[in-house]
Amino acid sequence: MKSPLLSLPGAVPAEGRDEGVAAHYGDLFREQRALADGAGFVDLSHRGVVTVSGGDRLSWLHLLLTQHVSDLPAGRATEALILSANGHIEHALSLVDDGETVWIHVEPGTQGELIAYLESMKFFYRVEVADRTADFAVVHLPAGSVTEAPEGTVVRETAYGRDLFLPRAGLESFAAAHGPAAGVLAYEALRVEAHRPRLGFETDHRTIPHEIGLIGSAVHLQKGCYRGQETVARVQNLGKPPRRLVFLHLDGSEVFLPGHGTPVRLAADGEEGRQLGFVTSAVRHHELGPIALALVKRNVPVDAPLIAGTTAAAQETVVEP
């Protein structure tokens, strides 16, 4: 869904998974600094919006999600996953309950598959699942922002800022009143800096929650059964995940950033060495320079210099080996 804010001065369209909104509005680092200072907003209107209403909504979702939501207070934001039977991550949900309806936003284009799964699990529960993407747009206000949400807006507040579920028809008027707008590249730079994984970037078809540090934040270890729980419990109690998320400081002299999937190897082994992982997200940060997240094998030494493709990389631990 193409955002009307692509008509703002300087807007450069994003590509790939973020197609439909602006990558930036002409000054990437200025936009990053504004967000870091609590100013402006990010247009995330390309994300899918799903609602679940009905008297059984929380108890029903509690059976399906990795998060404890049966007693979720109105207005409290949380994150949750839907796993495969083998414990692999299939969906990542950012959600909040407003007292009558659970509001969820998900990765662009994934809402159809999510809704199909939820519909297949309704049985006799009093719930209604709806795709609201055409009617509501997600807008992100950074931490520290003093911007007030329009009256009646559903707000999801986290340590990283507030996500507003705005009526899509009001997106342009909101932008005019509460700019400057920042593009998704600025948002992504702060996400990578904060070591926050993203579905489809830090995950592949075999990623389990332990590998990318989602135990606790999106996976509750003391709740009842859900699909994939056996894998979560087994890894938590008996073993270690096969891979782990790391943060990389990249060589700033390189012109190009390593793309998603770029092989990661030990620097000592050179470009022909054995692949030990891959880059998941790489960005240019206004203070740190080029940085990235990567998934590597668990046994890679935490202090070993690495290379991402041909780019030297120093690692910081995100998930303990």
Side-chain angles (χ1 to χ4, degrees), residues 38 41-42 44 47-83 89-107 110-111 114-115 117-119 121-133 135-167 191 194 196-199 209 213-229 232-233 236:
F41 70 92
V42 184
L44 299 178
R47 290 184 64 83
V49 176
V50 177
T51 59
V52 180
S53 56
D56 293 336
R57 66 190 183 282
L58 291 177
S59 59
W60 176 67
L61 285 172
H62 186 79
L63 300 174
L64 306 178
L65 306 182
T66 58
Q67 186 60 270
H68 196 299
V69 297
S70 59
D71 302 314
L72 185 68
R76 180 179 295 176
T78 193
E79 298 177 343
L81 307 174
I82 291 177
L83 306 180
I89 299 173
E90 291 189 343
H91 292 282
L93 289 66
S94 299
L95 59 92
V96 65
D97 184 77
D98 68 2
E100 297 181 351
T101 301
V102 176
W103 291 78
I104 303 165
H105 67 78
V106 296
E107 284 294 323
T110 65
Q111 65 269 23
L114 172 62
I115 290 171
Y117 171 70
L118 294 177
E119 288 285 354
M121 301 300 291
K122 284 173 65 172
F123 303 115
F124 55 84
Y125 290 93
R126 298 173 299 155
V127 293
E128 294 295 331
V129 180
D131 185 349
R132 306 303 303 277
T133 309
D135 303 316
F136 288 88
V138 179
V139 169
H140 175 77
L141 298 175
S145 171
V146 298
T147 296
E148 293 187 6
E151 186 176 356
T153 302
V154 176
V155 178
R156 181 178 176 274
E157 185 166 2
T158 73
Y160 304 104
R162 288 173 288 158
D163 298 334
L164 312 184
F165 292 87
L166 284 179
R191 176 185 72 82
R196 296 169 55 203
R198 181 178 173 186
L199 183 75
L214 293 180
I215 302 301
S217 61
V219 179
H220 194 288
L221 293 176
Q222 278 76 51
K223 63 158 289 186
C225 293
Y226 55 87
R227 189 174 69 174
Q229 186 190 27
V232 171
Q236 182 69 19

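Atom set for the values below is all heavy atoms of this structure, side chains included, hydrogens, waters and symmetry mates excluded.
- Of all non-hydrogen atoms in Gly48 and Gln111, the two that sit nearest each other are CA-OE1, 3.5 Å.
- Proximity of Leu141 to Leu164: side-chain heavy atoms (C-beta onward) are separated by under 4.5 Å at one or more points.
- Panel note: side chain Arg162, backbone Val139; no donor-acceptor pair is recorded below 3.5 Å.
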Inset, instruction - Mind running side-chain contact (heavy atoms from CB on, under 4.5 Å) on Ser53 and Glu100 for me, showing each step along the way? - result: CA-CA 6 Å; Ser53 56; Glu100 297 181 351; over 6 Å; no
Inset, instruction - Start with the C-alpha distance between Trp60 and Arg126, add both sets of side-chain angles, then the distance that settles side-chain contact (heavy atoms from CB on, under 4.5 Å), and finish with yes or no. - result: CA-CA 9 Å; Trp60 176 67; Arg126 298 173 299 155; over 6 Å; no
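- For the pair Glu128/Lys122, a side-chain contact is recorded, criterion being any heavy-atom separation below 4.5 Å from C-beta on.
- Across all their heavy atoms, Arg57 and Asp97 have their closest contact at NE-OD1, 2.7 Å.
- A salt bridge is absent between Arg196 and Glu79; no separation between the charged side-chain nitrogens and carboxylate oxygens falls under 4.0 Å.
- Heavy-atom neighbours of Glu148 CD from other residues, nucleotides or ligands within 6.0 Å: at or below the threshold of 12.
- With a 4.5 Å cut-off on side-chain heavy atoms, Leu64 and Arg227 do not count as touching.
- Note that CG of Leu95 and CG of Asp163 are 11.0 Å apart. Values are rounded to the nearest 0.5 Å.
- Using a 4.5 Å cut-off on side-chain heavy atoms (C-beta onward), Pro150 and Leu166 make contact.
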Inset, instruction - Walk me through it: do Val96 and Val155 pass the test side-chain contact (heavy atoms from CB on, under 4.5 Å)? - result: CA-CA 8 Å; Val96 65; Val155 178; over 6 Å; no
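- Here Glu107 pairs with Arg198 in a salt bridge; the nearest charged N to carboxylate O distance falls below 4.0 Å.
- Residues Ile215 and Pro209 come closest through the heavy atom pair CD1-CB, 4.0 Å.
- Partners of Phe165 under the ring pair (Phe, Tyr, Trp, His ring centres under 6.0 Å) rule, at least two apart in sequence or in another chain, are Trp103, His105.
- Of all the heavy atoms in Lys223 and Tyr226, the pair that sits closest is CE-CD2, 3.8 Å.
- Between Ile104 and Val49, every side-chain heavy-atom pair lies at or beyond the 4.5 Å cut-off.
- The distance from atom CG of Asp56 to atom OG of Ser70, rounded to the nearest 0.5 Å, is 12.5 Å.
- Shortest non-hydrogen contact noted between Thr101 and Asp98 is N-OD1, 2.7 Å.
- To the nearest 0.5 angstrom, Leu221 atom CG is 9.5 Å from Thr66 atom OG1.
- Atom CD of Gln67 and atom CG of Leu214 lie 10.5 Å apart (nearest 0.5 Å).
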Inset, instruction - Assess whether side-chain contact (heavy atoms from CB on, under 4.5 Å) is satisfied between Ile115 and Val50, documenting all intermediate values. - result: CA-CA 8 Å; Ile115 290 171; Val50 177; 4.0 Å; yes
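- Annotation: the span from Leu93 atom CG to Leu61 atom CG amounts to 8.0 Å, rounded to 0.5 Å.
- Distance check: Ile82 CD1 to Ile89 CD1 gives 12.0 Å after rounding to the nearest 0.5 Å.
- Residues His91 and Leu114 come closest through the heavy atom pair CE1-N, 3.5 Å.
- Take Ala159 and apply the side chain to side chain contact (heavy atoms under 4.5 Å, CB included) test, not counting sequence neighbours, and it matches no residue.
- Ring pair His62/His68 is perpendicular by interplanar angle, where above 60° counts as perpendicular and below 30° as parallel.
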